[in-house]
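So the structure is just underneath, and the comments pick up after that.
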Amino acid sequence: MIRFRGRSLDLRDGESVLECLERSGEQVPSSCRSGVCQSCLMRATAGHVPPESQKGLKPTLVSRGYLLACACRPTSDLDLSDGAAEETSSRVLETRWLAPNVVQVLLERPEAFTYEAGQFVHVVRPADGLTRPYSLASLPSAPWLELHVAVKPAGNMSRWLSAACGESVRLRGPLGECSYHAASLELPLLLVGTGTGLAPLLGVLRQALAYGHRGPIALHHGARNLAGLYRWNELSELADLHPNLELQGWIDDEPGMTGPRVRVGRIDRQPLQSYAPLRNAMIYLCGSPTLVANLKKHAYLQGASLDRIYADPFVTAPALAAALAIA
Ligand SMILES: Cc1cc2nc3c(=O)[nH]c(=O)nc-3n(C[C@H](O)[C@H](O)[C@H](O)COP(=O)(O)OP(=O)(O)OC[C@H]3O[C@@H](n4cnc5c(N)ncnc54)[C@H](O)[C@@H]3O)c2cc1C
Ligand code: FES
């Protein structure tokens, strides 16, 4: 049994805390439903917290009983309270299409909001509490927060955000470890992503260049077609300016459309094969969950150190969750 907001609720066999609360009509934020995005953060005030529900949380949160409701299947009674994650108010300043299905969203930067480029924030729609994580491509010195949003055909948040200029939003975070570390100035950086996975990579790249990174940097971006390699001109200019930056685009079959830095073919494991010194490399993998998982495994098998691999799989809510969010 779980106790939450003054109610006692019985868990069904194998049910997660999130599923139980939703079945019981409680409104709780969620997005990925697979323990990645931390939208469903809650706190246990009494009872045993299953360790798997605290995977990926900072030690300070673990020691205070925080857990992820979507990954929590209690084996005994648990008293729970809302995650009480601090929220700040913001506003959509500008929306601009970067590709047919990618929109850049600039948010007002709340006062005293500190973050590292490449981390992610939870954007909350005030009207109904719909919550989704998005990565930060801007530098902390920028006057706004820059998001790149892939607009999904039936996507609740992405479609709304694409036309939300002037709307208020709330923000939670920042979260995640995907950011540049000044101590790695001399190390090789390998940045690999698909689609809007470029957002956190661009954040890390901008920060690395701002610090004057001296080691080699390789950025691989995969997309369906040339239009999907958005921001390509800006990246090419950066690569022209910085001899230590190698840029490689990957697009699906589009004969005759390649340029000097663009190859036709699936991105797959290619970036690892063409990048030998993996042992000391800082590796950043973002975007398609399948690609991220695959590359992470193979980077490790090829000698990369797990504590130098930063992976942000862009796990989306399954259709059921999306339907619940609309209801
Ligand atoms: C750590 C992290 C960082 C992220 N960073 C970014 C980022 O920088 N940029 C970015 O674009 N994304 C990012 N994402 C993904 C993002 O959070 C959202 O999941 C994504 O934008 C989709 O949200 P949505 O509300 O638009 O779609 P949802 O409404 O959640 O729908 C998800 C999918 O289900 C489909 N769907 C919806 N309703 C139905 C239905 N009734 N029947 C069948 N299918 C349906 C949608 O078309 C969509 O493909 C990130 C995710 C994580 C975990
Ligand atoms: S971590 Fe629970 S919904 Fe994403």
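Just follow the structure's listing: the first ligand is 1, and inside any ligand the first atom is 1.
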Is there a nitrogen or oxygen of Val149 sitting under 3.5 Å from a nitrogen or oxygen of ligand 1?
-> no
Where does Pro313 meet ligand 1, judged by heavy-atom distances below 4.0 Å: at the side chain, the backbone, both, or neither?
-> backbone
Could you walk me through whether Tyr310 and His181 pass the side chain to side chain donor-acceptor pair (under 3.5 Å) check?
-> CA-CA 11 Å; Tyr310 300 90; His181 301 269; 3.2 Å; yes
Among Leu247, Leu191, Leu190, Leu187, the one residue meeting side-chain contact (heavy atoms from CB on, under 4.5 Å) with Ile217 = Leu191
Could you name the option among Gly118, Ala199, Cys32, Pro133 that has the heavy atom nearest to atom 50 (C) of ligand 1?
-> Pro133
Arg125 to Trp160 six-membered ring, cation-pi geometry met (6.0 Å, 45°) | yes
Taking only heavy atoms of Val315, which atoms of ligand 1 are found under 4.0 Å from at least one of them?
-> 19 (O), 51 (C), 53 (C)
Can you tell me if CD on Glu186 sees more than 12 non-hydrogen neighbours from other groups inside 6.0 Å?
-> yes
Thinking salt bridges, do Glu52 and Lys55 make one under a 4.0 Å N-O criterion?
-> no
Angle class for the Tyr115/Phe113 ring planes (parallel below 30°, perpendicular above 60°, tilted otherwise)?
-> tilted
Atoms in ligand 1 with a heavy atom of Phe120 nearer than 4.0 Å = 1 (C)
Any N or O on Leu130 sitting closer than 3.5 Å to an N or O of ligand 1?
-> no
Pairing of Asp240 and Arg261 as salt bridge, 4.0 angstrom limit | yes
Sorted by chain and residue number, the salt bridge (Lys or Arg N to Asp or Glu O under 4.0 Å) partners of Asp307 (sequence neighbours excluded) come out as none
Would you say Asn156 and ligand 1 have an N/O pair spaced under 3.5 Å apart?
-> yes
With atoms numbered from 1 as shown, which atoms in ligand 1 lie under 4.0 angstrom from a non-hydrogen atom of Cys37?
-> 53 (C)
Heavy-atom pair of closest approach, residues Val315 and Ser34 | CG1-OG, 3.3 Å
Does any N or O atom in Thr196 lie less than 3.5 angstrom from one in ligand 1, N or O only?
-> yes
Salt bridge (Lys or Arg N to Asp or Glu O under 4.0 Å) filter on Glu26, not counting sequence neighbours, yields Arg5, Arg7
Please confirm whether Arg132 comes within less than 3.5 Å of ligand 1 when only nitrogen or oxygen atoms on both sides are compared.
-> yes
Output field: ring centroids His220/Tyr284 closer than 6.0 Å = no
At under 4.0 Å between heavy atoms, which part of Thr316 makes contact with ligand 1: side chain, backbone, both or neither?
-> both
Region of Tyr134 engaging ligand 1 - heavy atom pairs below 4.0 Å = both
Sequence neighbours excluded and cut-off under 3.5 Å, please list the side-chain donor-acceptor pairs for residues 148-155, or say none.
| from | atom 1 | to | atom 2 | distance (Å) |
| --- | --- | --- | --- | --- |
| His148 | ND1 | Tyr230 | OH | 2.9 |
| His148 | NE2 | Glu146 | OE2 | 2.7 |

What are the protein N, O or S atoms, given as residue plus atom name, that sit under 2.8 Å from atom 4 (Fe) of ligand 2?
-> Cys32 SG, Cys37 SG
Is there at least one pair of N or O atoms, one from Ser158 and one from ligand 1, spaced under 3.5 Å apart?
-> yes
